[in-house]
Amino acid sequence: MSLLSVRDLCVRLGGRVVLEGVDLRVEPGEIVTIVGPNGSGKSTLLRAILGAVPHQRGEVRLRPGLGVGYVPQSLAIDPTLPMTAARFLSLPRRVPAAETEAALARAGVAGLGPVQLGALSGGQLQRVLLARALLGEPELLILDEPTAGLDQPGTAAFYRQIEAVRAATGAAVLMVSHELHVVMAASDRVVCLNGHVCCEGRPEHVASAPEYRALFGTGTGGALALYRHDHDHAHDHGHGHGHGPHHHDHAHAPEGRG
Amino acid sequence: MGLESFLVRAALAGVGVALAAAPLGCFVVWRRMAYFGDATAHATILGVALALALDLPVFAGALVVALGMAAFVSGLGGRGHAADTLLGVAAHSALAFGLVAVSFLPAVRIDPMAYLFGDILAVSRADLVVIWGGGALAAGLVLWRWNAALTATLGPDLARASGIDPVRERLVLTLALALVVAVAIKVVGALLIAALLIIPAAAARPFAATPERMATLAALIGAASALGGVGAAWRLDTPAGPTIVAVAACLFALSIGAAAVVRR
């Protein structure tokens with residue numbers, strides 16, 4: 001039986017249809033990633049699954065007794081609120097210190113228990129959030145753009161951590177991401193969302209699907225297209241208009257760029 | 001006997017309010033509800049005036065208006081700037097109407113200063129029962145919901161994923177706030193209640209590593225301010241409510257200074 005099955009889900013927020021006829025299943029032990037442009041309803045879908053937004057039609061069914069761990073996009077901690085990582089893991093239920101330590105270790109931040117949340121780096125904070133989600137040994141982890149504030153190496157390291165957690169605990173993972181290039185490597189299945197499910201399947205299948213290309217650009221894959229786009233931008237900034245015509249794909253590096 | 005007993009009653013009243021205000025004050029600081037606390041407190045003057053006009057207990061009048069403000073703000077549902085403006089309109093209108101209403105009452109029956117700045121030296125035995133009873137109820141509410149409200153403070157979705165309704169937690173906190181405001185009006189007065197919520201919590205912050213430690217320290221600082229304030233007011237013949245807040249402010253300055261020295 002699926003851990004999670006979403007059938008014909010429709011969500012309207014403030015009169016706007018955000019999700020229309022969405023179907024989604026998560027099987028035990030698999031990593032499913034939802035990709036989609038801004039405003040495509042990725043986060044709304046996760047929040048509907050968590051019961052944080054009501055849906056107008058369809059159903060969200062979690063396997064009875066399913067343990068769910070949730071990792072939010074980030075945590076806005078007011079500087080007036082003192083909170084150690086260990087205390088945070090004991091919210092809302094008290095957890096024995098040994099379990100707290102084990103969860104922090106599994107998330108790759110062993111020994112950070114006594115440190116204030118506000119003193120952690122972005123990557124460490126995401127791992128502490130992951131550690132909290134791992135308490136109670138959930139069978140399903142739900143992550144909402146967990147690497148939104150991280151740089152590229154930090155993002156890659158975080159997804160490796162997710163795979164390590166899955167390998168160690170067998171937990172299924174459902175996450176939202178827009179780090180397309182990393183997603184392609186780390187997922188068993190990708191769901192491309194834009195209000196409805198455009199296409200889904202194995203990463204290489206989705207990357208070559210026309211629906212996906214329509215959203216994320218054409219070329220040899222969405223990720224590469226994005227890279228090229230970024231490169232062009234940097235290039236244009238590096239040159240004034242007095243340089244004369246040149247080809248973007250030439251490998252000449254202007255002075256001051258590495 | 002007379003002298004001693006009214007000072008003892010004043011000290012007990014001050015300490016009671018400080019203990020009730022400490023855990024709630026921490027949430028007021030963490031959730032940035034300071035303005036809401038202030039607005040609710042100011043509005044209770046209208047409740048005081050109505051209670052006096054209708055010959056009802058002042059505590060009841062203040063509580064009804066404070067609860068009304070809480071319900072009003074909960075109905076606004078945190079709708080950003082507009083909510084802020086509406087809150088300001090409601091609070092100051094209630095304060096203004098309250099002061100106007102007071103002027104219609106026979107002058108012998110009410111001194112508005114007593115409710116604006118408190119009249120802790122006139123606290124009776126019955127007042128003490130109301131203060132400690134209401135304060136215990138407010139503190140009990142906050143401590144009962146402590147972990148759930150903390151989770152909701154960190155993030156609504158985080159709370160929902162743990163099976164906690166953040167709207168309900170906010171409602172519990174506003175309820176506790178209404179209670180504290182109603183019992184504190186006799187002690188520090190409508191204008192300075194918010195100070196008793198915020199200043200001890202802020203003074204406790206530099207020396208707290210966990211939320212629990214911050215609430216405990218805030219209770220100690222609040223109680224010390226109440227005792228020191230009542231003592232100083234007696235000796236210097238100053239108004240007791242403002243003196244309590246002034247002592248708390250001095251403790252806050254000490255705390256910030258000490259924290260700066262320790263960090264160096």
Side-chain angles (χ1 to χ4, degrees), chain A residues 14 43-54 62 66-95 113-119 125 128-130 132-136 138 140-146 174 176, chain B residues 23-34 77 79 143-169 172-173 197-218 252 255-256 259 263:
Chain A
S43 291
T44 304
L45 176 55
L46 289 196
R47 300 183 73 224
I49 291 169
L50 292 171
V53 291
L62 295 168
L66 181 74
V68 177
Y70 170 66
V71 179
Q73 218 174 87
S74 71
L75 196 64
I77 319 143
D78 197 281
T80 59
L81 175 55
M83 184 70 74
T84 61
R87 179 68 188 93
F88 175 65
L89 261 59
S90 267
L91 278 177
R93 277 165 288 276
R94 287 276 173 191
V95 175
V115 180
Q116 289 287 314
L117 289 189
L125 181 60
V128 169
L129 289 170
L130 176 63
R132 180 175 174 276
L134 289 174
L135 292 169
L140 175 62
L141 278 175
I142 295 183
L143 300 89
D144 185 3
E145 299 204 30
L174 173 66
V176 157
Chain B
L24 180 66
C26 289
F27 275 107
V28 168
V29 168
W30 298 332
R31 299 170 72 99
R32 309 198 170 189
M33 292 163 69
R79 259 175 266 153
L143 296 182
W144 169 51
R145 302 307 307 166
W146 184 260
N147 277 323
L150 259 181
T151 311
T153 300
L154 285 167
D157 285 343
L158 200 73
R160 281 204 187 86
S162 303
I164 295 162
D165 181 0
V167 178
R168 190 177 102 138
E169 301 311 324
V172 169
L173 290 177
L197 286 165
I198 297 160
I199 298 178
R205 173 63 185 99
F207 299 99
T210 61
E212 291 73 26
R213 183 102 187 264
M214 181 158 154
T216 311
L217 278 175
F252 170 77
S255 158
I256 297 302
R263 225 177 291 129

Engineer: If you tally heavy-atom pairs under 4.5 Å against chain B, which of A:Arg132, A:Arg94, A:Arg93 wins?
Structural biologist: A:Arg132
Engineer: If I take atom CG from residue A:Leu91 and atom CG from residue B:Asn147, how far apart are they, to the nearest 0.5 angstrom?
Structural biologist: 5.5 Å
Engineer: Hey, does the side chain of B:Trp30 reach the backbone of A:Thr80 with a donor-acceptor pair shorter than 3.5 angstrom?
Structural biologist: yes
Engineer: Looking at A:Ala86, A:Pro79, A:Pro114, which has the largest count of heavy-atom pairs under 4.5 Å with chain B?
Structural biologist: A:Pro79
Engineer: Measure the shortest side-chain to side-chain distance between B:Leu150 and A:Met83 over non-hydrogen atoms and say whether it is less than 4.5 angstrom.
Structural biologist: yes
Engineer: Between A:Leu50 and B:Ala161, what is the shortest heavy-atom contact and its length?
Structural biologist: CD2-CB, 4.0 Å
Engineer: Examine whether an atom of B:Arg32 lies under 4.5 Å from a heavy atom of chain A, and if so say whether it belongs to the side chain, the backbone or both; otherwise answer neither.
Structural biologist: side chain
Engineer: Using a cut-off of under 4.5 Å on heavy-atom pairs, state which of A:Pro82, A:Ala133, A:Gly69 scores highest against chain B.
Structural biologist: A:Pro82
Engineer: Kindly indicate, with the supporting measurements, whether the criterion side-chain contact (heavy atoms from CB on, under 4.5 Å) is fulfilled by A:Leu81 and B:Leu154.
Structural biologist: CA-CA 9 Å; A:Leu81 175 55; B:Leu154 285 167; 3.9 Å; yes
Engineer: Of all the heavy-atom pairs spanning B:Asp157 and A:Tyr70, show the shortest one and how long it is.
Structural biologist: CB-OH, 3.6 Å
Engineer: Is there side-chain contact between A:Pro72 and B:Leu158, with heavy atoms separated by less than 4.5 Å?
Structural biologist: yes
Engineer: Side chains of A:Pro92 and B:Trp146: does their closest heavy-atom pair fall under 4.5 Å?
Structural biologist: no
Engineer: Please confirm whether the backbone N or O of B:Ala209 pairs with a side-chain atom of A:Arg87, one donor and one acceptor, at under 3.5 Å?
Structural biologist: no
